[in-house]
> 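My questions will all concern the structure given below.
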2 protein chains.
Amino acid sequence: MDTGKYTGILRENGIKVTPQRLEVLRFLDENRVHPTADDIYRTLKKDNPSLSKTTVYNVLDILSKYGLVEVLTISGTESRYDYGSTRHQHFLCTSCGRIVDIHIKGLCMDCMPEKGHKVEEVHGYFKGTCRDCLKGIGA
Amino acid sequence: MDTGKYTGILRENGIKVTPQRLEVLRFLDENRVHPTADDIYRTLKKDNPSLSKTTVYNVLDILSKYGLVEVLTISGTESRYDYGSTRHQHFLCTSCGRIVDIHIKGLCMDCMPEKGHKVEEVHGYFKGTCRDCLKGIGA
DNA sequence: GTATTACGTTGTAATCATTACAGATTAGGT
DNA sequence: ACCTAATCTGTAATGATTACAACGTAATAC
């Protein structure tokens, strides 16, 4: 497994490198399904039984502070985490619960008409029923 | 106090009229500050000490199901409620916690490029530091 | 090379918003 | 003025997240 990639990312941001941080970062990079903190915890705990959920929250917290992961609040009941911060939006299917990436133009840091506010994050959240659920394929 | 307005709104939507529903609806109409359920509860309890927080949640739930109020999940820690569903977006100041209305064009039900999904809600959430906090006026 | 110090991790115990539930009450039609 | 289903209330549970204190680790100073 190539942990070098993630070691470099952490170092470049001046974040101390630890196995837990590497694992969370790798997991998010390799599982682009907007997992919850608990999803991450349960999966990583398999290979590292001593992992604490508090650590997962701590790691997610620092990674998001440095912009390495994006926190999604689309579901309203729990936070979801997205690797990186490539500019894209999200669609939540209220039937199956999946979150789909949406690529929409015209929603950016500079598109806010009200002047004087300093914009640091932009989130476009769409909700409805996804293609698969409409066809009866989804959950 | 003109409860007639809100009675009409509820009746038009086939929602049974109760004092609690009228009060919540009126409060949201008259206080466009995106309050939390607890804000609503604490304020309305002053004039109606027997009000239950569960009722506030129930009322907000039915009002949002009928599109009479919009649920905002911008803060990530608690839901906030907005009267009506006039098409506008929201800016959360991470310094003072206020949510400011934003009027941006080009973010609508029909602007989603991915085809086949049925879009029922669109939320544009911006985060950063508001004008007042930048000037040192805010909290 | 060891002591010191700062930072990370862990596990448990709180917190806080929200939901579940059961019993009392009420709205709206008859 | 009933009757019945829907609503309201209060308390107890849930579930995500945070607080905190003890322990581990790694770098630095002596």
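The shown structure was predicted, so the numbers you read here are calculated from the model rather than taken from an experiment. The sequence lines fix the lettering, A, B, ..., with proteins before strands; numbering per chain opens at 1.
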> Can you list the residues that meet the side chain to side chain contact (heavy atoms under 4.5 Å, CB included) rule with A:Ser52, with sequence neighbours excluded?
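So A:Ser52 forms a side chain to side chain contact (heavy atoms under 4.5 Å, CB included) with A:Thr54, A:Thr55.
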> Counting only heavy atoms and a strict 4.0 angstrom limit, can you tell me which residues of residues 37-51 of chain A come near DNA chain D?
none
> Would you kindly give the NZ-to-C1' distance between B:Lys53 and D:dA13, to the nearest whole Å?
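Checked: the NZ to C1' distance equals 15 Å.
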> Looking across every strand, which nucleic acid part, if any, lies under 4.0 Å from A:Thr36 by heavy atom: base, sugar-phosphate, or nothing?
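No contact at all - A:Thr36 keeps every heavy atom at 4.0 Å or more from the nucleic acid.
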> DNA chain C: A:Arg21 or A:Ser52, which has the more 5' nearest nucleotide?
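The residue mapped nearer the 5' terminus is A:Arg21.
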> Can you give me the first and the last nucleotide of DNA chain C (5' to 3') that has an atom within less than 4.0 angstrom of a non-hydrogen atom in chain B?
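Reading along DNA chain C, I get C:dA17 to C:dG28.
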> Excluding sequence neighbours, so at least two apart, what forms side-chain hydrogen bond (donor to acceptor under 3.5 Å, both in side chains) with A:Asn58?
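With sequence neighbours excluded, A:Asn58 shows a side-chain hydrogen bond (donor to acceptor under 3.5 Å, both in side chains) to no residue whatsoever.
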> Less than 4.5 Å apart, side chain to side chain, heavy atoms only: is that true for B:Glu121 and A:Thr94?
no
> How does each nucleotide of nucleotides 22-27 of chain D score, in 5' to 3' order, for protein heavy atoms under 4.0 Å: base (B), sugar-phosphate only (S), or none (-)?
------
> Nearest heavy atom decides the nucleotide; on that basis, is B:Arg80 or B:Thr18 closer to the 5' end of DNA chain C?
B:Arg80
> At less than 4.0 Å, is any side-chain N or O atom of A:Tyr57 found next to OP1 or OP2 of D:dT18? Yes or no.
no
> Can you identify which nucleotide, out of D:dC8, D:dA16, D:dG10, has its nearest atom closest to the B:Thr54 side chain?
D:dG10
> Provide, to the nearest angstrom, the distance between the CG atom belonging to A:Leu60 and the P atom belonging to D:dT18.
10 Å
> Strictly below 4.0 Å, heavy-atom distances to any atom of DNA chain D: list the hits from residues 66-77 of chain B, or just say none.
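None - not one residue of the stretch has a heavy atom sitting under 4.0 Å from the strand.
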